[in-house]
Amino acid sequence: EVQLVESGGGLVKPGRSLRLSCTASGFTFGDYAMSWFRQAPGKGLEWVGFIRSKAYGGTTEYAASVKGRFTISRDDSKSIAYLQMNSLKTEDTAVYYCTRREVTMVQGLRIPVFDPWGQGTLVTVSS
Amino acid sequence: DIQLTQSPSFLSASVGDRVTITCRASQGISSYLAWYQQKPGKAPKLLIYAASTLQSGVPSRFSGSGSGTEFTLTISSLQPEDFATYYCQQLNSYPRALTFGGGTKVEIK
């Protein structure tokens, strides 16, 4: 069974750092890009960023709201993706989810698919 | 960034009802649209990708349609386990600026 489990959330003061982990099982982790999303309390979903597989350079992309403060990395030997969050702001308070990304062909289009999602980990930024 | 507008934002329906949710994009996104279901305290669950392709394991009462700027998610016969919030997501901007609609909460009438 494909499974993703996030950990590392908690209460942190503004300006501080936190690192989240996403531990994968049930698939060959190194073959897939991994992505992070978040959801502020009572709000909608927001894409945070993603990291490509090593076969595609392991490069990263980020949402404008976190670029320069957040860093995504991966350890394929441990099947873990990380989200390093620096200079945290109160508006970063959210449940953070990791997902696996695969690409499938549908009627000639390369379609990215984000599935499954982990259960999420809550990050609260407050003084 | 591409904006997605879902309507309605809230929907009250009965078991057995046919339910339709609309998602409109601020510019054409071909078929780069996905639909998710989210229940309280749970992670989103992928229902449909590429606008109309049902994800494996999702009941056939769910269907998606549309292309360009207007899309719909239809539940043909609402079941008790379908009461949840539904989000659309555009992937035309991939790998950057993936955006979601504001959500549609489906509640029991």
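From a predicted model like this one, the values you see are computed outputs, not experimental measurements. As a basis for the values below, the full set of heavy atoms in this structure was taken, side chains included, without hydrogen atoms, waters or symmetry mates. Letters A, B, ... are given to chains in the order of the sequence lines, protein chains preceding strands, and every chain is numbered from 1.
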J.: So B/Thr99 and A/Trp47, do their side chains get closer than 4.5 Å, heavy atoms only?
T.: no
J.: To the nearest 0.5 angstrom, please state how far the CG atom of A/Leu109 sits from the CG atom of B/Leu91.
T.: 11.5 Å
J.: Flag the one option from B/Gly103, B/Ser52, B/Pro44, B/Ala43 with the top tally of heavy-atom pairs under 4.5 Å to chain A.
T.: B/Pro44
J.: Taking side chain as C-beta onward, heavy atoms only, is A/Trp117 less than 4.5 Å from B/Tyr36?
T.: yes
J.: Could you see if B/Leu33 belongs to whatever hydrophobic cluster contains B/Leu47? Use Ile, Leu, Val, Met, Phe, Trp, Tyr and a side-chain cutoff under 4.5 Å.
T.: yes
J.: Just by distance, no angles: are the side chains of A/Arg101 and B/Tyr94 close enough, under 3.5 Å, to form a donor-acceptor pair?
T.: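 Side-chain D/A pair, A/Arg101 to B/Tyr94: present.
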J.: What pair of heavy atoms forms the shortest contact from B/Tyr32 to A/Arg110, and how long is it?
T.: CE2-O, 3.2 Å
J.: Do the non-hydrogen side-chain atoms of A/Val106 and B/Ser31 ever get within less than 4.5 Å of each other?
T.: no
J.: Please classify the contact between A/Gln107 and chain B as side chain, backbone, both or neither, with a heavy-atom cut-off of under 4.5 Å.
T.: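 Neither part.
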J.: With a 4.5 Å limit on heavy-atom distance, are the side chains of A/Asp115 and B/Tyr49 in contact?
T.: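 Counting from C-beta outward, A/Asp115 and B/Tyr49 never come under 4.5 Å.
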J.: Mind listing the closest non-hydrogen atom pair of A/Lys43 and B/Tyr87 along with its distance?
T.: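 Scanning both residues completely, I find the closest heavy atoms to be O-OH, 3.7 Å.
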J.: Test side-chain contact (heavy atoms from CB on, under 4.5 Å) on A/Phe37 and B/Gln89; report intermediate values, then the result.
T.: CA-CA 12 Å; A/Phe37 293 83; B/Gln89 177 197 34; 3.6 Å; yes
J.: Is it true that, when you exclude B/Lys105 itself, more than 12 heavy atoms of the residues, nucleotides or ligands shown sit nearer than 6.0 Å to its NZ?
T.: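 Open.
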J.: Is there a path from B/Ile48 to B/Leu11 through hydrophobic residues (I, L, V, M, F, W, Y) whose side chains come within less than 4.5 Å of each other?
T.: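 B/Ile48 and B/Leu11: one cluster.
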J.: Do the side chains of A/Phe50 and B/Phe100 join up, straight or via other hydrophobic residues, at under 4.5 Å, putting them in one cluster?
T.: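 Yes: a chain of side-chain contacts under 4.5 Å links A/Phe50 to B/Phe100.
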J.: Starting at OG1 of A/Thr99, measure out to CG of B/Leu46 and round the result to the nearest 0.5 Å.
T.: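 Spacing of OG1 (A/Thr99) from CG (B/Leu46) equals 10.0 Å.
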J.: Within the supplied structure, the quantity of interest is the number of heavy atoms (other residues, nucleotides, ligands) at a distance under 6.0 Å from B/Lys39 NZ; does it exceed 12?
T.: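 For B/Lys39, atom NZ is crowded (more than 12 foreign heavy atoms under 6.0 Å).
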J.: Check whether A/Thr104 gets within reach of chain B through its side chain, its backbone, both or neither, counting any heavy atom under 4.5 Å.
T.: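 Contact with chain B: side chain only.
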J.: Just wondering, more than 12 heavy atoms not from B/Arg61 lying within 6.0 Å of its CZ?
T.: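 Above 12, so yes.
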J.: Quick one: which of B/Ser30, B/Ala97, B/Gly101 has the most heavy-atom pairs under 4.5 Å with chain A, could you say?
T.: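 Among B/Ser30, B/Ala97, B/Gly101, the one with the most close pairs to chain A is B/Ala97.
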J.: Indicate if A/Leu18 and A/Tyr82 have the same hydrophobic cluster label, given that clusters are the connected sets of ILVMFWY residues with side-chain heavy-atom separations under 4.5 angstrom.
T.: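 No, no single cluster joins them.
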J.: Roughly how far apart are B/Thr85 OG1 and A/Leu45 CG, rounded to 0.5 Å?
T.: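 B/Thr85 OG1 to A/Leu45 CG: 9.5 Å, rounded to 0.5 Å.
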J.: Under 4.5 Å between any side-chain heavy atoms of A/Gln119 and B/Lys42, yes or no?
T.: no
J.: Examine A/Val125 and A/Leu11 and state if one hydrophobic cluster contains both, with Ile, Leu, Val, Met, Phe, Trp and Tyr joined whenever side-chain heavy atoms are less than 4.5 Å apart.
T.: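 Each belongs to a different hydrophobic cluster.
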J.: Heavy-atom cut-off 4.5 Å, strictly under: side chain, backbone, both or neither for A/Phe114 against chain B?
T.: both
